[in-house]
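Everything below concerns the one structure shown next.
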Amino acid sequence: MAVAALGRAGNQRSRSVAGKAAAQPVEKVAVEDAAEAEPEAPPPPPPFDPANEVGVTAPLGFFDPLGFSKVGDEEGFRNLRLAEIKHARVAMMA
């Protein structure tokens, strides 16, 4: 009988602990920690710089006296380079 009495008392204690745990509001710390733990986005690539392209020579550096090639304008730079190569080939044929 003593064992049965201890068993009932133990059940009541565990019910009261479970009841207290259910009554307490759950904080959303885990969700905030998960949001902070996400990896940050990688930094954006640096803007296009024509002075870092192939063909820049050591003594002169990047030669663009009229300023046609702007930093960040990769499409314009590629178009000018293509036109220069095409005109050089036509001039060599002549």
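Only a predicted model underlies this, so the values are computations on that prediction, with no experimental measurement involved.
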> Roughly how far, to the nearest 0.5 Å, is CG of Asn79 from CD of Glu74?
Replying inline: 12.5 Å
>> Distance check, rounded to the nearest 0.5 Å: Asp49 atom CG versus Asp73 atom CG?
In response: 12.0 Å
> Under the salt bridge (charged side-chain N to carboxylate O under 4.0 Å, His left out) rule, what pairs show up with a residue in residues 50-59, not counting sequence neighbours?
Replying inline: Glu53-Arg78
> Which atom pair, heavy atoms only, marks the closest approach of Val71 to Pro50?
Replying inline: CA-CD, 4.1 Å
> What heavy-atom pair brings Ser69 and Asp64 nearest, and what distance separates the two atoms?
Replying inline: N-OD2, 2.8 Å
>> Other residues, nucleotides and ligands only: do more than 12 of their heavy atoms fall within 6.0 Å of CZ on Phe62?
In response: yes
> Are Leu80 and Leu66 connected, step by step, through hydrophobic side chains (Ile, Leu, Val, Met, Phe, Trp, Tyr) whose heavy atoms are closer than 4.5 Å?
Replying inline: yes
Throw together a table of side-chain donor-acceptor distances under 3.5 angstrom for residues 83-94, partners on residues two or more places apart or in other chains.
from, atom 1, to, atom 2, distance (Å)
His87, ND1, Ala83, O, 2.7

